[in-house]
There are 2 protein chains.
Amino acid sequence: MTDFPIDDLRFDDNGLVPAVVQDVHTHEVLMIGFMNRDAVLRTAREGRVCFWSRSRQKFWVKGETSGMFLETRAIRVNCENNSLLVLAEPIGPTCHTGHASCYFREADPNAENGWREIAPVITPPEDLYG
Amino acid sequence: MTDFPIDDLRFDDNGLVPAVVQDVHTHEVLMIGFMNRDAVLRTAREGRVCFWSRSRQKFWVKGETSGMFLETRAIRVNCENNSLLVLAEPIGPTCHTGHASCYFREADPNAENGWREIAPVITPPEDLYG
């Protein structure tokens, strides 16, 4: 995937597009992040999902600390050319909590604090970051 | 869903969170939009996905023009409390092009313009917007 059509993308005023990552096998939505132009190109060319961290103002290769990389399998663009859907193969849990997906809580008026956990921890966080 | 735990959400400097909408049945990622506090509450309470349009600076109930609403089935939050995954039942095509999903083009170095269409038009746009 060396000829990624980067010039077609419309980045926002901060030079970013939102990118949602979906598990290519289970179709689970794993996370959302933001990418600048170079993060998109790295995601396409290096084969691992790379975001631009807005809080740290630096590249953030997902999994660089835990080893739980998201391997790029396909990159789709929306009709407006201003957001991406990345299909990826996760090496392990995407969430730093050890859940497969960062979206492991669902709003539920019957839950004590308003959220119900809907998915288990796959790998304990201490094994991810030990 | 009247007791949505809105105060748990962490909105960005513009008062927004990105929200990805996934088809509750097919698990297809349909679109990404941004929501402010009131758009999240409307999505939860009124049962239809409502965004905040950054370009028009107004509420945008998805489907308000075409009738192709996204009916809210569940709202999930990520580990950082700063993005949402909305599971929805689409009344019809989500994309204004008539595709089920806005992500109907995939980067492909072998495609003429760099993008390959991977999904068909479900309803011709002229039937959506007459």
Side-chain angles (χ1 to χ4, degrees), chain A residues 1-8 12-14 17-23 26-34 40 44 54-55 72-87 94-99 101-111 113-116 118-119, chain B residues 1-8 12-14 17-23 26-34 40 44 54-55 72-87 94-99 101-111 113-116 118-119:
Chain A
M1 205 181 285
T2 51
D3 298 298
F4 188 87
I6 191 76
D7 290 333
D8 290 345
D12 70 12
D13 292 344
N14 295 313
V17 290
V20 54
V21 183
Q22 184 178 33
D23 186 311
T26 67
H27 298 167
E28 193 168 16
V29 172
L30 301 175
M31 63 179 297
I32 294 179
F34 288 84
V40 175
R54 296 179 298 172
S55 55
T72 310
R73 291 291 178 262
I75 301 178
R76 297 180 186 166
V77 68
N78 70 337
C79 52
E80 306 273 7
N81 288 340
N82 62 4
S83 70
L84 297 175
L85 168 60
V86 180
L87 300 180
T94 292
C95 191
H96 74 285
T97 58
H99 293 82
S101 161
C102 292
Y103 299 95
F104 60 88
R105 288 174 297 150
E106 185 168 296
D108 181 346
N110 297 316
N113 66 357
W115 302 103
R116 180 169 52 90
I118 55 158
Chain B
M1 207 183 284
T2 51
D3 298 299
F4 189 87
I6 191 75
D7 290 331
D8 289 344
D12 70 13
D13 292 345
N14 295 312
V17 290
V20 53
V21 183
Q22 184 177 31
D23 186 310
T26 67
H27 298 167
E28 193 167 16
V29 172
L30 301 175
M31 65 179 296
I32 293 179
F34 289 84
V40 175
R54 295 178 299 171
S55 56
T72 309
R73 290 291 178 262
I75 301 178
R76 297 180 186 166
V77 68
N78 71 337
C79 52
E80 307 272 7
N81 287 340
N82 62 3
S83 70
L84 296 175
L85 168 61
V86 180
L87 300 181
T94 293
C95 192
H96 73 285
T97 58
H99 294 82
S101 162
C102 292
Y103 299 94
F104 59 88
R105 289 174 296 148
E106 184 168 297
D108 181 346
N110 298 316
N113 65 357
W115 302 102
R116 179 169 53 90
I118 54 158

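Chain identifiers are assigned alphabetically (A, B, ...) following the order of the sequence lines, protein sequences preceding nucleic acid strands; residue numbering begins at 1 within each chain.
Annotation: maximal heavy-atom pairing with chain A below 4.5 Å, among B:Asn113, B:Asn78, B:Ile118, occurs at B:Asn78. Per-residue heavy-atom pair counts under 4.5 Å with chain B were compared for A:Leu87, A:Asn110, A:Asn81, and the maximum is reached by A:Asn81. Per-residue heavy-atom pair counts under 4.5 Å with chain A were compared for B:Phe104, B:Trp115, B:Phe34, and the maximum is reached by B:Trp115. Contact tally against chain B (heavy-atom pairs below 4.5 Å) for A:Gly114, A:Ser83, A:Cys102: the top residue is A:Cys102.
Side-chain atoms of A:Leu85 and B:Glu28, non-hydrogen and from C-beta on, never get closer than 4.5 Å to each other.
Residue contact with chain A, scored on non-hydrogen atoms closer than 4.5 Å, involves the side chain of B:His96 exclusively. Proximity to chain B (any heavy atom under 4.5 Å) is restricted, for A:Asp12, to the side chain, taken from C-beta onward. B:Arg116 does not touch chain A: none of its heavy atoms, backbone or side chain, sits under 4.5 Å away.
Each of A:His27, A:Arg76, A:Gln22 was evaluated against B:Val29; a single residue qualifies, A:Gln22, per the side-chain contact (heavy atoms from CB on, under 4.5 Å) test.
Atom CG of A:Asp13 is separated from atom CZ of B:Arg54 by 8.5 Å, given to the nearest 0.5 angstrom.
Of all heavy-atom pairs spanning A:Thr97 and B:Cys79, the tightest one is CG2-CB, 4.4 Å. Closest approach of A:Leu84 to B:Ile32, counting heavy atoms only: O-CD1, 4.1 Å.
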